[in-house]
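Here the structure comes first, spelled out in structure tokens, and everything after it is commentary.
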Amino acid sequence: APANSHIRCTMLTLAYLSDNLDGKMGIGQLLTKHGINYQTKLVDCGELTGEMGPMFWRVYEIWGPGVSIRITEYFPKGIYA
């Protein structure tokens with residue numbers, strides 16, 4: 001099963017977002033490219049079993065000047081076995 005992410009993002013400059021939407025750059029790379037000094041924080045994490053089998057999940061935040069991002073990611077447990 002593939003990993004997936006849910007991203008809630010507020011960026012004051014839309015060019016930052018378009019860089020990420022083309023799929024060529026991760027969020028950290030995007031912020032570094034645009035000179036944004038950012039911080040990250042793990043908010044929560046855990047395990048669950050759902051339709052796609054056993055999964056790990058995590059929620060983290062990234063923020064900096066003009067940027068506020070909250071990301072929830074789900075990873076198949078088998079990736080780490």
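As the structure is a prediction and not an experimental result, all values here were calculated from the model.
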Could you grab the distance from atom [atom1] of [X] to atom [atom2] of [Y], nearest 0.5 Å is fine?
| X | Y | atom1 | atom2 | value |
| --- | --- | --- | --- | --- |
| I69 | L31 | CD1 | CG | 5.0 Å |
| W57 | E73 | CH2 | CD | 12.0 Å |
| I36 | L30 | CD1 | CG | 7.0 Å |

Within-4.5 Å side-chain heavy-atom neighbours: [X] and [Y]:
| X | Y | value |
| --- | --- | --- |
| K77 | E47 | yes |
| L48 | Y74 | yes |
| I71 | I27 | yes |

Legend entry - Heavy-atom closest pair, residues P54 and T49: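 Of all heavy-atom pairs spanning P54 and T49, the closest is CA-OG1, 4.0 Å.
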
Legend entry - D44 atom CG, over 12 foreign heavy atoms within 6.0 Å: yes

Inset, instruction - Carefully, step by step, assess T72 and R58 under the rule side-chain contact (heavy atoms from CB on, under 4.5 Å). - result: CA-CA 6 Å; T72 303; R58 68 181 178 182; over 6 Å; no

Legend entry - Residues which pass side chain to side chain contact (heavy atoms under 4.5 Å, CB included) with T40, listed by chain and number, not counting sequence neighbours: Y38, I62

Legend entry - Contacts of W63 that satisfy side chain to side chain contact (heavy atoms under 4.5 Å, CB included) - sequence neighbours left out: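 Only Q39, K41, E61 meet the side chain to side chain contact (heavy atoms under 4.5 Å, CB included) criterion with W63.
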
